[in-house]
Number of protein chains: 4
Amino acid sequence: MSMIASEAGVSHGLLYHYFKSKDELFITLVQWSMEEARQAFSEIYNVPGTPLEKIALLTSMILQEDDNSHFMLIQQARTSDGVPEEAKRIIENYSIHAFVDQLMPLFEAGQDAGEIAAGDLRELVACYLSVLSGLMTLKSQEDPSYTPPKAELLLRLLRNG
Amino acid sequence: MSMIASEAGVSHGLLYHYFKSKDELFITLVQWSMEEARQAFSEIYNVPGTPLEKIALLTSMILQEDDNSHFMLIQQARTSDGVPEEAKRIIENYSIHAFVDQLMPLFEAGQDAGEIAAGDLRELVACYLSVLSGLMTLKSQEDPSYTPPKAELLLRLLRNG
Amino acid sequence: MSMIASEAGVSHGLLYHYFKSKDELFITLVQWSMEEARQAFSEIYNVPGTPLEKIALLTSMILQEDDNSHFMLIQQARTSDGVPEEAKRIIENYSIHAFVDQLMPLFEAGQDAGEIAAGDLRELVACYLSVLSGLMTLKSQEDPSYTPPKAELLLRLLRNG
Amino acid sequence: MSMIASEAGVSHGLLYHYFKSKDELFITLVQWSMEEARQAFSEIYNVPGTPLEKIALLTSMILQEDDNSHFMLIQQARTSDGVPEEAKRIIENYSIHAFVDQLMPLFEAGQDAGEIAAGDLRELVACYLSVLSGLMTLKSQEDPSYTPPKAELLLRLLRNG
DNA sequence: CATGAATGAGTCTTCATTCAT
DNA sequence: TATGAATGAAGACTCATTCAT
């Protein structure tokens, strides 16, 4: 808490004015990060282009984003001990299924348009998200010699024939 | 240390008989995990089949493995604070590049046999590993409702059009 | 640290608010003690009297002082294991040579006045301080039956003829 | 105990075969050191010379001796915390009074022979021993630039007018 | 709102001691 | 005798949290 406070330029005492406890602060951060992710995905519906073009755009945006602290926060929260129960519940609620649901219309349109390979829709979207997630994790590991694969390559997972 | 010791059914004092410090214990675990991973990858060269069949086998083995504690240990070590410097060095040394190097001959043979799509070999292997890594992370998150994608789906990344 | 804190009537946690570590606390004490000793010696120049009278006064003051915790702290720091390097450096810097230098003018004046025996000045002062040091050590050993020698006796070491 | 054992080239387990506890080992060392000191003093009666010559010899022997570990052990035991009660008792029994008693005949002979200044005999011997003790402490502090005063200088304390 | 002195539960680590072999 | 695996009490240190100011 002291480190966070000093990073924020205030006393740790003041932090307790805004957040009752470290857990509450953490839970709030998790909530923000989750909401942030949902926003990012929802915006893809507002850009022009065919479904596959939209997915390509989303993919490259995510892979190029240089602040994945939101993503990493969730990742850590998911895999660490000592995470407050409520944070875990929030993450589960917004879990990969929620994001799958969010993106399914886009992928479905892609299949309908013949741009995206046929097959179980949920599995396809889940796989796509898993892959993105894996790439972001690697990207975050400040290995300067690692360059994430190009979005184009990933689209082979989806592209029809 | 006390938790680890009691989990192991010994006193924490005894832990210090075998490991000079928590850091040393952790570093040892990282080393074991790394070696374990290297072993797993190397064994794929000993099974029969075409390169793509081997890759398919490797993929499904990894995705079905139910103990990914090794993998998660490395993942955590990579992305957490307070990890001993030497552990970080070990991880960097054996980093994704090392595993790319280890698998490149297999993928190259796949390309030569026309089973695997042409293109930058390193990028292809790195992408494949990133994807696997992402899937394992998700799998580890004890979400019982999550079923990892079938290996077959992943191979679309590689398979020659 | 807990003992010190409770002796001081505070929690051990608070001690770490003021001193980063036990070593730092110890080093601070050593510094204070050293400075204290330097002060004590320097004040002798401000009292009236002949050089030998001043030395006699200094001697009896030191031998009568009933708090030699400063002195004992230094003594222990000098002869014990596990003393922080910086404490050792401080003690060496202010070592007996420093105190010899501090007192030399006084003794020189005594020789000039014919009150103090001729001979190597440094050796004389060093011997005088060694003797004082030895007496203080003994005095500190809470042996109630031990009475330190009178200053008068010590002055025989110095007095001319 | 482990350090002592390994210094002695045996296992720490074996140490407990010979000494029931660390305290017992420590007490034994204190006893040995005390006995050693008594021996050293008693031998001075066997050398030829006048009393003052004997004292001069004793003094220079002590100041030249390069192993004062016995002396330092006692010194530490006297001034440290956590020293077993019995060790403290032994030290008190053999305390400076005991050594004063041991040396008194020698000094008395010196006074009778007119070599040593008149005055309270106990005080004179005690002062002499205090001074020696102080010099030994300083000598032990591995300050290579410190040279103890010559025995000759010390004898001024005693020598008759 | 804002600060930081103060607290204490919890964690890593050391080390004297025991005991099966 | 001799070893070293095993134990646990004790001590240094951290950090979330409280509260007087």
Side-chain angles (χ1 to χ4, degrees), chain A residues 1-29 80-84 87, chain B residues 1-29 80-84 87, chain C residues 1-29 80-84 87, chain D residues 1-29 80-84 87:
Chain A
M1 293 294 273
S2 289
M3 285 175 67
I4 292 171
S6 103
E7 197 78 10
V10 298
S11 69
H12 65 262
L14 190 53
L15 229 50
Y16 284 88
H17 194 78
Y18 295 104
F19 302 94
K20 212 163 48 196
S21 68
K22 194 187 185 189
D23 276 10
E24 197 186 286
L25 166 54
F26 186 76
I27 288 165
T28 304
L29 289 180
S80 298
D81 280 358
V83 171
Chain B
M1 293 293 274
S2 289
M3 286 174 67
I4 293 171
S6 98
E7 197 76 13
V10 298
S11 70
H12 66 264
L14 188 54
L15 231 48
Y16 285 91
H17 197 79
Y18 295 105
F19 302 94
K20 220 163 38 202
S21 65
K22 195 186 184 191
D23 276 11
E24 200 187 283
L25 166 55
F26 186 75
I27 288 166
T28 304
L29 289 180
S80 297
D81 280 358
V83 172
Chain C
M1 293 295 273
S2 289
M3 286 174 68
I4 292 171
S6 99
E7 197 77 13
V10 298
S11 69
H12 68 262
L14 188 54
L15 230 50
Y16 285 92
H17 198 78
Y18 294 106
F19 302 94
K20 219 164 34 199
S21 67
K22 194 186 183 190
D23 275 11
E24 200 188 281
L25 166 55
F26 186 76
I27 288 166
T28 304
L29 289 179
S80 297
D81 280 357
V83 171
Chain D
M1 293 294 273
S2 288
M3 285 174 69
I4 292 170
S6 102
E7 197 78 11
V10 298
S11 70
H12 65 261
L14 190 52
L15 228 51
Y16 285 88
H17 194 77
Y18 295 105
F19 302 95
K20 211 164 47 195
S21 68
K22 194 185 183 190
D23 277 10
E24 198 187 286
L25 165 55
F26 186 76
I27 288 165
T28 305
L29 289 180
S80 297
D81 280 357
V83 171

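Throughout, protein chains are lettered first and strands after them, A, B, ... in sequence-line order, and every chain is numbered starting at 1.
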* Grab the NZ-C1' distance between C:Lys22 and E:dT14 for me, whole Å please. => 12 Å
* Do any of residues 4-11 of chain B sit with a heavy atom less than 4.0 Å from DNA chain F, and if so which? -> B:Val10, B:Ser11
* Given that both pair distances must be under 3.5 Å and the pair must be Watson-Crick or G-U, what runs of three or more consecutive pairs involve DNA chain F? -> E:2-21 with F:2-21
* Give the rounded distance in Å between these two atoms: CG of C:Asp81 and C1' of E:dT14. => 16 Å
* Interatomic distance, C:Met1 CE vs E:dT13 C1' [rounded to whole Å] -> 16 Å
Protein N or O to nucleotides 18-20 of chain F N or O, pairs below 3.5 Å:
none

Show which side-chain atoms of residues 2-21 of chain D pair as donor or acceptor with protein atoms under 3.5 Å away, not counting sequence neighbours.
| from | atom 1 | to | atom 2 | distance (Å) |
| --- | --- | --- | --- | --- |
| D:Ser11 | OG | D:Leu14 | N | 3.3 |
| D:Ser21 | OG | D:Asp23 | N | 3.4 |
| D:Ser21 | OG | D:Glu24 | N | 3.1 |

* Structure fact -> Sorted by position of nearest nucleotide on DNA chain F, 5' first, the leading residue of B:Tyr18 and C:Asp23 is B:Tyr18
* To do: Work out which heavy atom in B:Ser80 is nearest to a heavy atom in B:Val83; give both atom names and the distance.
  => O-CG2, 3.7 Å
* Asked: Rounded to the Å, how far apart are B:Leu14 CG and E:dC12 C1'?
  -> 16 Å
* Taking CZ from D:Phe26 and C1' from E:dA16, how many angstroms apart are they, rounded to a whole number? -> 15 Å
* Protein-nucleotide distance (D:Met3, atom CE; E:dT14, atom C1'), rounded to Å -> 12 Å
* In whole angstrom, give the distance that lies between atom CZ of B:Phe19 and atom P of F:dA6. => 12 Å
* Residue list, side-chain contact (heavy atoms from CB on, under 4.5 Å) with D:Leu29, at least two apart or on another chain -> D:Leu25, D:Trp32, D:Leu73
